[in-house]
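Worksheet: the structure to be examined is printed underneath.
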Amino acid sequence: QEQLVESGGGLAQTGGSLTLSCAASGFIYVSYTMSWYLQAPGKERELVAEISTFGDRTFYADSVKDRFTISRDKAKKTVYLQMNSLKSEDSAVYYCKLVPTAHDELAVWGKGTRVTVSS
């Protein structure tokens with residue numbers, strides 16, 4: 001069974017750091033993009049960061065550039081999101097997404113992990 005399990009969310013103070021992890025299991029794809037999205041209350045889910053199959057290409061939303069870093073351990077089938085200099089507006093549920101290359105219709109989402117940033 002294909003599954004993405006996020007972890008690492010929780011409470012952090014403004015200016016602090018958190019590292020999210022997303023472990024993939026049950027997948028047979030060799031090539032796939034992994035991404036992190038966030039969804040704040042009452043708002044649409046939005047892309048935060050994305051990383052290519054071999055980690056050679058990354059994308060960051062403007063709001064997190066220079067603060068967040070996405071990385072992946074292909075052998076462990078795990079993607080990470082290192083979040084530094086956290087702001088209150090980073091508070092949201094963070095979701096992991098896996099998309100097999102050239103097969104958007106087969107995208108899989110995790111159930112999310114909540115991040116709360118308070119002062």
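On a predicted model such as this, the values are computed, not experimentally measured, just so you know.
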Q: Just grab all the disulfide bond (SG atoms under 2.5 Å apart) pairs involving residues 16-119, residues at least two apart or on different chains.
A: C22-C96

Q. In terms of hydrophobic clusters joined by side-chain contacts under 4.5 Å, are V108 and L106 together?
A. yes

(Q) My understanding is that only one of T14, L86, L11 makes a side chain to side chain contact (heavy atoms under 4.5 Å, CB included) with S118; could you say which? (A) L11

**Q.** All pairs passing ring-ring contact (aromatic ring centres under 6.0 Å, His included) where residues 45-75 contributes a residue, at least two apart
**A.** none

Q) Okay, side chain of S63, backbone of A61: is any donor-acceptor separation there less than 3.5 Å? A) no

**Q.** Pair listing, salt bridge (Lys or Arg N to Asp or Glu O under 4.0 Å) test, anchored in residues 89-99, at least two apart
**A.** R67-D90

Q. Hey, is the main chain of V117 close enough, under 3.5 Å, to the side chain of S91 for a donor-acceptor pair?
A. yes

Q: Could you list the residues that satisfy side chain to side chain donor-acceptor pair (under 3.5 Å) with D73, not counting sequence neighbours?
A: none

Q) Under the side chain to side chain donor-acceptor pair (under 3.5 Å) test, which residues partner D56, sequence neighbours left out? A) S52

Q) Which disulfide bond (SG atoms under 2.5 Å apart) pairs, counting each pair once, include a residue from residues 24-84, with sequence neighbours left out? A) none

Q. Looking only at heavy atoms, which two atoms of H103 and V99 are closest? And how far apart?
A. O-CG1, 4.0 Å

Q: For residues Y94 and M83, determine if any side-chain heavy atom of one lies less than 4.5 Å from a side-chain heavy atom of the other.
A: yes

Q: Using the rule that two of Ile, Leu, Val, Met, Phe, Trp, Tyr join whenever any of their side-chain heavy atoms come within less than 4.5 Å, decide whether I70 and Y95 are in one cluster.
A: no

Q: Report whether W109 and L47 are members of the same hydrophobic cluster (ILVMFWY, side-chain heavy atoms less than 4.5 Å apart, transitive linking).
A: yes

Q. Any side-chain heavy atom of V115 sitting closer than 4.5 Å to one from L18?
A. yes

Q: Scan residues 39-92 for pairs that pass disulfide bond (SG atoms under 2.5 Å apart), counting only residues two or more places apart or in two chains.
A: none

Would you give me the side-chain donor-acceptor pairs under 3.5 Å for residues 25-39, sequence neighbours excluded?
{"residue": "Y29", "atom": "OH", "partner": "E2", "partner atom": "OE2", "Å": "3.1"}
{"residue": "S31", "atom": "OG", "partner": "T53", "partner atom": "OG1", "Å": "3.1"}
{"residue": "S31", "atom": "OG", "partner": "T101", "partner atom": "OG1", "Å": "2.5"}
{"residue": "S35", "atom": "OG", "partner": "E50", "partner atom": "OE2", "Å": "3.1"}
{"residue": "Q39", "atom": "OE1", "partner": "R45", "partner atom": "NE", "Å": "3.3"}
{"residue": "Q39", "atom": "OE1", "partner": "R45", "partner atom": "NH2", "Å": "3.4"}
{"residue": "Q39", "atom": "NE2", "partner": "K43", "partner atom": "O", "Å": "3.1"}

Q | Pairs touching residues 49-78 that satisfy disulfide bond (SG atoms under 2.5 Å apart), sequence neighbours left out | A | none

**Q.** L20 reachable from Y80 in the ILVMFWY side-chain graph, under 4.5 Å edges
**A.** no

Q: State, to 0.1 Å, how close S21 and T78 come at their nearest heavy-atom pair, and which atoms those are.
A: CB-CG2, 4.4 Å

Q: Only counting residues at least two apart or in another chain, list the ones meeting side chain to side chain donor-acceptor pair (under 3.5 Å) with E6.
A: none

(Q) I need the full list of salt bridge (Lys or Arg N to Asp or Glu O under 4.0 Å) pairs touching residues 100-111, with sequence neighbours left out, sorted by first then second residue. (A) none

Q.
I need the minimum non-hydrogen distance between L81 and A49, along with the two atoms involved.
A. CD1-CB, 4.1 Å

Q. Is a side-chain donor or acceptor of S17 paired with a backbone partner of N84 at a separation under 3.5 angstrom?
A. no

Q. Can you tell me how far NZ of K74 sits from CD1 of I51, rounded to the nearest 0.5 angstrom?
A. 11.5 Å

Q | Contacts of type side chain to side chain donor-acceptor pair (under 3.5 Å), residue S7, not counting sequence neighbours | A | none

